[in-house]
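Treat the numbers as computed from the prediction; the structure is a model and nothing was measured. The sequence lines fix the lettering, A, B, ..., with proteins before strands; numbering per chain opens at 1.
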Protein chains: 2
Amino acid sequence: MSTIKDVAKLAGVSVATVSRVVNRSPRTSEKAIKAVTEAMEALSYRPNANARALVSQTTQTMGVLVGDVSNPFFGAMLKSIDLVCRDQGKHLLIGNGYHEADSEREAIEILINSRCESLVIHSKGLSDQDLTKFCKEVPGLVVINRQLDEVPERCISLDNYKGSYLATEYLLNQGHRDIAYICSEHDIEDADSRKQGYRDALAAHGVSPQEHAIACGYPDEQGGEKAMRDLLSRGVSVTAVAAYNDYMAAGAMACLEESDIAVPEQVSVIGFDDGLISRYMKPRLTTIRYPIQPMAEQAARLALQLAQGSSPESSPHVFVPTLVKRNSVKPLTH
Amino acid sequence: MSTIKDVAKLAGVSVATVSRVVNRSPRTSEKAIKAVTEAMEALSYRPNANARALVSQTTQTMGVLVGDVSNPFFGAMLKSIDLVCRDQGKHLLIGNGYHEADSEREAIEILINSRCESLVIHSKGLSDQDLTKFCKEVPGLVVINRQLDEVPERCISLDNYKGSYLATEYLLNQGHRDIAYICSEHDIEDADSRKQGYRDALAAHGVSPQEHAIACGYPDEQGGEKAMRDLLSRGVSVTAVAAYNDYMAAGAMACLEESDIAVPEQVSVIGFDDGLISRYMKPRLTTIRYPIQPMAEQAARLALQLAQGSSPESSPHVFVPTLVKRNSVKPLTH
DNA sequence: ACATGCTGTGTAAACGTTTACTTTTGTGCC
DNA sequence: GGCACAAAAGTAAACGTTTACACAGCATGT
């Protein structure tokens, strides 16, 4: 692969002149531009981004850590971030953490080593302490989907508690009283918050707590199916089910269908996330919208601002989920 | 951010020794390892990947161009690639092309400039000529989902023609004769191949061509809905519909449902891709499996082998799609 | 004719590493 | 104690750029 020296030699100028042409410096003659352009073309010259980064001390790159690129949730997040970046002439280096502490740490280190000046991190595996440390080390680092008490100004998160409260309250308002909750077996903050939102909503409406009506599973379709089957086989009688996320809701619906229980006629189901699939299920899933796109956009902007040292515009750091009414919930009729 | 010199100074050794410790060279004393490790910790030293790449002439990075990260199809592709890479200690630089020639070109150039030694490119916008040129410039570049006549050994693709033929043939075998085709309005090779597969399957079964039963739209749900509405409003009478992809099939089903036409009882529908949503639709979608995961894995392996100059193991370059029978197709009964 | 200023170009240092080569230190043996 | 040799550490060049600084050429104004 040819270098700037090769180009300079062929064009009969110095490397400085080539650099000036490449970077469109105003101090260059037409003649030089022509000679250099032709030489670059002839050698199919590609400026080495690493050398450039080294001397100019900037990579124009944002690093992003996601859980798993194949999950459409992260796809949506990445797209929002990419749109902000492309608008600002930055590009993206992406790492997958697979929700596992060591992978996450390693991926973040790669991003830092690559000298990404801004970072958006989605981590479920690392401790608050680890993440806080990274925040302090890298000025342009923003954490999404998590709340760190020591550095709240670096976090963009969702009010998970409120989302679940909202979902449960909606079921209550539709007359339901026997409401099960299908939760994630992962020991992470958002799972707890969502479960607590459910509990508190029940309590606030004078419905006694129903711990036996809570079942856990891996937060995917199989997990939802398993949890619902647990509930059914334990003889828990319910008229509505709230789930940790849409996938678990889908699994629960599949299980109910297999058991010849009609949704929403006999049992109402509500999800969480408003992901891609919620629109394609039938009945279309009533759910809680996780506004990942504006959140990701906000996170990207914040990371960019922090990285360039400008004081970030004040804007919301905790987003609120909203109810999306579709067809999987029906009022309870006697 | 501290450099290797800072570490050397603090540890009281030379930069070479620090480098040796960082790279786990065997020629280092316990004492040096300890001193350097402590200094690195104290300064939170991060080896600069750009400087490293510059001198060692390798980045350990694979570049990937996808259409749009938010599309689960590309998510699945990226995941397969990431799994291969992580296994080989490489990491990923990702660009979005948004199916637009200029964006694709720009993204590829960024990947090349960043000195990714291996590349997996999914392009719909660039011409065969452009792509072939890139292939010749970068030894470790592999094109996925496209067939370039000049460099077939660099391409991993799907037999789209066969997939569509298969789909149409299955409908014919179920007794259908009046079969519409919903195609993509994009002027790209795979759209043409799929349309032709449909036509040829009809012809092979002695069914006269039905050009009036072909409708086009943007290859998403809205496009499918629009195309189906076109068909219906033109008074085309059909008992089955084959679609360019699952999203268009979903749109067609939504349109049929609105018109009180039952799927599959009155009209059968078959998709293409076997994407995420096909499992969640109801009736669950009968479709053609696009084996993107093995294909992406293969592409990644090939790119890696080409990049390191080893002669690639011979393995399939053209993959064959298969039929996935679910519930959206029913035999025609009179 | 000469100082002045402007434009375009060249020279060389710097960025943070790795590594070939050289030098120093340490060990065991006679 | 002196020597041979191995092990460990240091020196400096190289990777491919950018850019401060210096300088040449030339037009301008006096």
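The stretch residues 116-148 of chain B participates, sequence neighbours left out, in these ring-ring contact (aromatic ring centres under 6.0 Å, His included) pairs: B/F74-B/H122. Sorted pairs that involve residues 294-314 of chain A and meet ring-ring contact (aromatic ring centres under 6.0 Å, His included), not counting sequence neighbours, are lacking altogether.
Under the 3.5 Å distance criterion, the side-chain polar atoms of B/S70 are left unmatched by any main-chain donor or acceptor of A/K79. Although no hydrogens or angles enter the test, the distance criterion places a donor-acceptor pair under 3.5 Å between the side chain of A/N71 and the main chain of A/F73. Distance alone, capped at 3.5 Å, is enough to place a donor-acceptor pair between the B/E117 side chain and the B/Q60 backbone. In this structure a side-chain-to-backbone donor-acceptor pair under 3.5 Å is present from A/S2 to A/L43. Put simply, the side chain of B/D82 never gets that close to the backbone of B/L92: no donor and acceptor are under 3.5 Å apart.
Computed from coordinates, the A/N113 CG to C/dT17 C1' distance equals 12 Å when rounded to whole Å. Nucleotide C/dT17 holds its P atom 10 Å from the CD atom of A/Q57, rounded to whole Å. For B/N48 and D/dT17, the CG to C1' distance is 13 Å, given to the nearest whole Å. Put simply, CG on B/N50 is 12 Å from C1' on D/dG16, counting in whole angstrom units. The separation between A/L54 atom CG and C/dA14 atom C1' is 9 Å, rounded to whole Å. For the pair B/M1 CE and C/dC15 P, the interatomic distance rounds to 16 Å; values are reported in whole Å. Atom C1' of nucleotide C/dC15 and atom CZ of A/R115 are separated by 11 Å, given to the nearest angstrom. Rounded to whole angstrom, the span from the CZ atom of B/R46 across to the C1' atom of C/dT17 amounts to 17 Å.
For A/E150, the CD atom sits in a loose shell: 12 or fewer heavy atoms of surrounding residues, nucleotides or ligands are nearer than 6.0 Å.
Interatomic distance, CD1 of B/I292 versus CG of B/L78, reported as 9.5 Å (0.5 Å rounding).
Between B/S14 and D/dG10 there is a side-chain polar atom (N or O) within less than 4.0 angstrom of OP1 or OP2.
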Would you tabulate the pairs of protein nitrogen or oxygen atoms and nucleotide nitrogen or oxygen atoms of nucleotides 23-28 of chain D closer than 3.5 angstrom?
none

Strictly under 3.5 Å: I want the nitrogen or oxygen pairs between protein and nucleotides 18-23 of chain C, one per line.
from   : atom 1 : to    : atom 2 : distance (Å)
C/dT18 : OP1    : B/N23 : OD1    : 3.4
C/dT18 : OP1    : B/N23 : ND2    : 3.1
C/dT18 : OP2    : B/S19 : OG     : 2.4
C/dT18 : OP2    : B/N23 : ND2    : 3.4

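A heavy-atom distance below 4.5 Å is not found between the side chains of A/T59 and A/S114. Between B/R154 and B/L148 there is no side-chain heavy-atom pair separated by less than 4.5 Å. Using a 4.5 Å cut-off on side-chain heavy atoms (C-beta onward), B/Y98 and A/L83 make contact.
Checked by atom type, the side-chain pair B/E137/A/S44 shows no donor-acceptor distance below 3.5 Å. A/D128 and A/T132 are not linked by any side-chain donor-acceptor pair at a separation below 3.5 angstrom, with hydrogens and angles left out of the test.
Axis angle, first five pairs versus last five pairs of the helix from C/dA1-D/dT30 to C/dC30-D/dG1: 50°, rounded to 10°.
Near DNA chain C, defined here as any heavy-atom distance below 4.0 Å, there are no residues from residues 26-41 of chain B.
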